Amino acid sequence: MKNIILLIACMLFAFQGFSQKNFNRKGAGSSGAANNNYDFYLRTIDINQKSLTFGLTEAEFDAIKDEAYASPNFIEGNIYQDDKMVKSNIPMRYNAYSDEIEIAIDDTNYNALMKDPSIYVKIAKDIYVFIPYEDSNEKGGYFNILADGKTYDLYKKTKSIFLEPVFATTSYGKDRRASFDKESTYYLMKNGTLYELPGNSSSILKVMDSKKQEVKTYVKENNLDLRKEADLSKVVLYFDSLL
């Protein structure tokens, strides 16, 4: 096991700072800021101000705003604290630009969920946990749990980046409208620390070097592609089962 840990430390790009001692969504250590009586709805978001934030008209912003979300629709889910469900059937969605869990109040208003490592949500099948950065909740972020193993978990961080409009400078060029561009990064979680996975399949397999032959055989026999999220999850869980 020591060799595996050393290998991971060498082969992966450590996700600096985004760790918490003994972080675990099951029985996660509470920061003391929340309890079962806490008003989980932290603040109201003024939708009408969003277009001004990006320097867009309401029509321009309405045309692209759905791109900022992992899924733009509000879906009923549950809120947990220290592995105990405290609110159920709450309409929620994840804003990948502002890194917030949004909760619908009505058709035109919604709130942002309090950010606390003891609180996580399950939206349909997606589980989002909050992990502090350098012991700061303000600098922390939400991660989506894709696979839950006995030694390693697979986490995903989705970011939505705002791209400003570009206007053609010549008659041959074309204007590019404003947009949000989403990118995902994958991490292994072990003992409360996140390690960023390499971006290509061969490097990911090197991370699993202690069981590399078994994993390669599993990938080949099941025709898996490590560039696909569902297949990557299967491989991580298989590797974890061999340890």
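It should be emphasised that the depicted structure is a prediction, and the values quoted were computed from it without experimental measurement. In this chain, residues are counted from 1 in sequence order.
Inspection of the N95 and E100 side chains reveals no N or O donor paired with an N or O acceptor under 3.5 Å. If you check the side chains of Y186 and E196, you find no donor sitting under 3.5 Å from an acceptor. Inspection of the D153 and Y187 side chains reveals no N or O donor paired with an N or O acceptor under 3.5 Å. S118 and D116 share a side-chain donor-acceptor pair at under 3.5 Å. Residues Y94 and N144 have side chains that never bring a donor and an acceptor to within less than 3.5 angstrom of each other.
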Carefully, step by step, assess L226 and D231 under the rule side-chain contact (heavy atoms from CB on, under 4.5 Å).
CA-CA 6 Å; L226 293 179; D231 288 355; 5.6 Å; no
Given the rule in the side-chain contact (heavy atoms from CB on, under 4.5 Å) test, do L197 and L154 qualify, once you have shown the distances and angles that lead to the verdict?
CA-CA 10 Å; L197 281 171; L154 179 64; 3.8 Å; yes
Determine whether L188 and L194 satisfy the following criterion, side-chain contact (heavy atoms from CB on, under 4.5 Å), listing intermediate values before the conclusion.
CA-CA 6 Å; L188 286 182; L194 289 170; over 6 Å; no
List the steps, then state whether side chain to side chain donor-acceptor pair (under 3.5 Å) holds for T193 with N191.
CA-CA 6 Å; T193 299; N191 292 337; over 6 Å; no
Check the pair L113, V121 against side-chain contact (heavy atoms from CB on, under 4.5 Å), reporting the backbone distance first and the verdict last.
CA-CA 10 Å; L113 182 67; V121 303; 3.5 Å; yes
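Across all their heavy atoms, K211 and L242 have their closest contact at CE-O, 3.5 Å. Here the closest non-hydrogen pair linking K212 and L205 is CG-O, 4.1 Å. Across every non-hydrogen atom of N78 and S88, the tightest pair is OD1-CA, 3.2 Å.
Ring pair F180/Y97: centre-to-centre distance below 6.0 Å. In this structure, Y120 has its ring center closer than 6.0 angstrom to the ring center of Y80.
The side-chain heavy atoms of V129 and Y142, taken from C-beta on, include no pair separated by under 4.5 Å. At least one side-chain heavy atom of I79 sits under 4.5 Å from a side-chain heavy atom of I103. Counting heavy atoms from C-beta on, the side chains of K234 and L237 never come closer than 4.5 Å. Within the 4.5 Å cutoff, the side chain of I101 has no heavy atoms near those of the K115 side chain.
Rounding to the nearest 0.5 Å gives a distance of 9.5 Å between CG of N89 and CE of M92. With rounding to the nearest 0.5 Å, the separation of CZ in F143 from OG1 in T158 is 10.0 Å. Here the CD atom belonging to E214 is positioned 6.5 Å from the OH atom belonging to Y238, to the nearest 0.5 angstrom. In this structure, N137 CG and I131 CD1 are separated by 11.5 Å, a value rounded to the nearest 0.5 Å. If you take OG on S179 and CD1 on I161, they are separated by 10.5 Å, rounding to the nearest 0.5 Å. Rounding to the nearest 0.5 Å gives a distance of 6.5 Å between CD of E229 and OG of S184.
A side-chain donor-acceptor contact under 3.5 Å links K182 to the backbone of E67. In this structure, the side chain of K150 engages the main chain of D240 through a donor-acceptor pair within 3.5 Å. A distance-only check finds no donor-acceptor pair linking the side chain of K159 to the backbone of D99 [under 3.5 Å]. A donor-acceptor distance shorter than 3.5 angstrom exists from the side chain of N200 to the backbone of S203, with no hydrogens or angles considered.
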Which atom pairs, donor and acceptor, lie under 3.5 Å between side-chain atoms of residues 217-224 and protein residues at least two apart or in another chain?
unit_1 : atom_1 : unit_2 : atom_2 : d
T217   : OG1    : Q213   : O      : 2.9
N222   : ND2    : Y218   : O      : 2.8

Side-chain donor-acceptor pairs of residues 162-173 under 3.5 Å, sequence neighbours excluded:
unit_1 : atom_1 : unit_2 : atom_2 : d
T170   : OG1    : Y172   : N      : 3.3
T170   : OG1    : G173   : N      : 3.4

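Taking the ring pair (Phe, Tyr, Trp, His ring centres under 6.0 Å) definition, one finds that F74 meets it with Y110, sequence neighbours left out.
Each of T151, I204, V215 was scored for a side-chain contact (heavy atoms from CB on, under 4.5 Å) with F239, with one residue passing: V215.
A salt bridge links R227 with D225: at least one charged nitrogen is closer than 4.0 Å to a carboxylate oxygen. A salt bridge links R93 to E102: at least one charged side-chain nitrogen sits closer than 4.0 Å to a carboxylate oxygen.
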